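A short write-up of the structure that comes next.
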Amino acid sequence: MESSGDDVARIRREIQALKDEKACIEQKISVLEAQLQETASLAPQLQQNGDVCNGSCPPITAVGANMAHGLSADSIYRYSRHLLLPSFGVQAQSNLLKSSILVVGAGGLGSPALLYLAACGVGRLGVVDHDVVELNNMHRQVIHTEAYIGQPKVKSAAAACRAINSTIQIVEHKEALRTSNALEILSRYDIIIDATDNAPSRYMISDCCVVLGKPLVSGAALGLEGQLTVYNYKGGPCYRCLFPTPPPTTACQRCSDSGVLGVVPGIIGCLQALEAIKMASAVGEPLSGRMLLFDALSARIRIVKIRGRSVQCEVCGENTTFNQQQFKDFDYEKFTQSPLSTSPPKLKLLAPDSRITSKEYKGRIVAGEAHVLVDVRPEHHYRIVSIPKSLNIPLASLEARLSEISAALKQEQEQEGTGSGANLYVICRRGNDSQRAVQYLHNKGFNLAKDIVGGLESWVHDVDPNFPMY
Amino acid sequence: MQLTLEFGGGLELLCESVKVHNVNVDLPKGAEKLTMRDLLSWVRTNLIKERPEMFMKGESVRPGVLVLVNDCDWELSGQLDTTLEEKDVVVFISTLHGG
């Protein structure tokens, strides 16, 4: 038994060693591919120069013009303003052209990051996203255009990048990043940019970067604030060193719920591109061990010192055993109690007889049924659009305003002159808060309360397609 | 002791959406210094108006909240045992995930 246990350990070690070797080889391939790309773009340029000169003057070759850095004439012209910077120059540009950067997420952060990375001449630029372009993305996801609505973000982003710079390699990863594909995708790049929008993705990408030894530029934006730092860079902390325990799900707000001023992720995304460019070109001092906090409303940027690598960190600490296999098996959705996709949760708190569909509700209005419709969305949502004659009592203040519901029911009952009493319906944006509210109302003796399944979203979908949705 | 407290990343919503608070915190009875442990308990009593569980867990802040004393992570100054001085600036910031 003992010897077979030893065998298992030995085989595991061998597998790990081979995998490390594989990652190393893939890294070498990436570098060579970038070089090949560079050489290939050089060749037609030389040919063109020859044509222009009509053979009367000697073609300018890299050797003849003493260009040991290997930049083509076209590259020199395109990136001339970089080359003119004493602290950047040909060496940094040449490093950039040989580098590879992956942007995870082509949304509010990824949009400006990708545009600048393509423009500046990153040799190979990858983009991962599984989503499609929507109209409500346009105000901040500036890489996409209206013509691409309904099409994959990766396709739209790649087209925009190619339109800016046709000389670099753009790689499209039209898939959701998962533990099953993350190692394979991330291992093909030197630097990773986290431009995602949810907690489990942030843990997953950071862990994957630790396992693969890649620096990670992490940015986030919500409302009117943004945050930025570089993880896992030359012995610096990883995401888990800072946040060993995931926050409660109620603390993880989404842009689709809480809103975001478009330019805020734009600024953070630009800064992410900047940090990646600095590392790829080997200039300056990356934002590692420090964090940038941006407050748009008060126009303040604060850069604070954060802790270094934690020796107790479960992923990058001293005694960690976290490896590629453990990464693949790790359940990030369970760990953070939230889904990797950004789709909002669909609660099922109520029994079917405590719910009605939006179509059924429409039928009751048409039939002239005595009822009160309570809209439990926050007040600033209600101000955007609401169903006529609904009563706005936000979920947060429901407890304090129960008497208003009683009064409204009584009034309705008297007006309609029904003996059986008025019905009570509750609606919200998507049909989650309305269930919470109905659950609460049942406990408070409003036994007839029913929620409208799917909220205003279903109202738009099934009853009134002209009702504005946000 | 005069302190400036700042809340960000959504934590300001727990104290009536006010981000910056200039406060005067008394030393606990018989104590010679004010620690972050004392300050957290003071904040919890005097500033947090709703959902205290979104700010604290046990005697410390909840997971996902960074605490900065004079622009420096409190992990580097002793966390709950950090001693505060007159005019210190303490920032509580919730980590963001959006993009």
Side-chain angles (χ1 to χ4, degrees), chain A residues 104-105 107-110 140 194-202 219-223 225-227 237 239 241-248 250-260 264-265 268-269 272 289-291 293-295 297-298 302-308 310 336 338 342 396, chain B residues 3-22 36 44 48-82 84 88-99:
Chain A
V104 187
L109 297 165
R140 67 186 190 284
D194 182 346
T196 62
D197 57 2
N198 61 83
S201 293
R202 291 184 182 278
L222 187 81
E225 286 182 79
Q227 297 170 354
Y239 190 67
C241 294
L242 245 72
F243 307 108
T245 313
T250 41
C252 300
Q253 296 166 307
R254 290 183 304 264
C255 293
S256 56
D257 290 337
S258 306
V260 60
V264 174
I268 300 297
Q272 285 185 284
R290 295 179 294 156
M291 183 181 277
L293 308 170
F294 174 56
D295 181 356
L297 218 50
S298 61
R302 158 179 248 146
I303 292 167
V304 300
K305 190 169 163 34
I306 54 174
R307 69 201 74 171
S310 162
T336 57
S338 27
T342 52
Chain B
L3 298 171
T4 301
L5 309 182
E6 294 191 30
F7 296 82
L11 289 179
E12 70 279 8
L13 298 173
L14 306 178
C15 24
E16 297 176 324
S17 296
V18 178
K19 282 190 168 173
V20 184
H21 300 252
N22 289 302
M36 275 303 300
R44 159 95 211 244
I48 303 296
K49 302 292 180 196
E50 56 177 293
R51 294 177 288 161
E53 73 281 3
M54 293 298 288
F55 182 62
M56 286 184 77
K57 188 177 180 189
E59 65 169 357
S60 193
V61 291
R62 70 151 167 85
V65 173
L66 279 181
V67 182
L68 309 159
V69 180
N70 299 325
D71 284 349
C72 198
D73 190 344
W74 75 337
E75 284 281 334
L76 302 168
S77 56
Q79 253 204 11
L80 287 167
D81 296 320
T82 308
L84 295 166
D88 273 354
V89 179
V90 184
V91 177
F92 302 97
I93 194 138
S94 177
T95 176
L96 303 177
H97 304 101

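Everything quoted here is computed from the prediction, not taken from an experiment. By convention in this document, chain letters (A, B, ...) are assigned in the order of the sequence lines, proteins followed by strands, and residues within each chain are numbered from 1.
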How about NZ on Lys57(B), more than 12 heavy atoms from neighbouring residues, nucleotides or ligands closer than 6.0 Å, or not? no
Side chain of Thr82(B), backbone of Ser77(B): donor and acceptor closer than 3.5 Å? yes
Answer with side chain, backbone, both or neither: which region of Ile93(B) has an atom nearer than 4.5 Å to a non-hydrogen atom of chain A? side chain
Below 4.5 Å from any heavy atom of chain B, which atoms of Pro246(A) appear? Answer side chain, backbone, both or neither. backbone
When heavy-atom pairs shorter than 4.5 Å are enumerated against chain B, which of Pro265(A), Gly219(A), Ala199(A), Pro244(A) gives the highest number? Ala199(A)
Looking at CZ of Arg62(B) and OG1 of Thr245(A), how far apart are the two atoms once the value is rounded to the nearest 0.5 Å? 11.5 Å
Taking side chain as everything from C-beta outward and backbone as N, CA, C, O, which of these in Asp194(A) sits under 4.5 Å from a heavy atom of chain B? Side chain, backbone, both or neither. neither
Any ion pair linking Arg302(A) and Glu6(B) (charged N to carboxylate O, less than 4.0 Å)? yes
Heavy atoms of Leu242(A) and Pro237(A) approach each other most closely as CD1-CB, 4.4 Å
Residue part contacting chain B, namely of Thr196(A), when any heavy atom lies under 4.5 Å: backbone
Go through the atoms of Ile268(A) and report whether side chain, backbone, both or neither lie under 4.5 Å from a heavy atom of chain B. neither
Gap separating the SG atom of Cys15(B) from the CZ atom of Phe92(B), nearest 0.5 angstrom: 9.5 Å
Structural part of Arg307(A) lying under 4.5 Å from a heavy atom of chain B: both
Sort Tyr239(A) into side chain, backbone, both or neither according to what part of it lies under 4.5 angstrom from a heavy atom of chain B. side chain
Lys/Arg N to Asp/Glu carboxylate O, Glu75(B) vs Lys305(A), below 4.0 Å: no
Most chain A-contacting option - heavy-atom pairs closer than 4.5 Å, from Thr95(B), Val91(B), Leu68(B): Thr95(B)
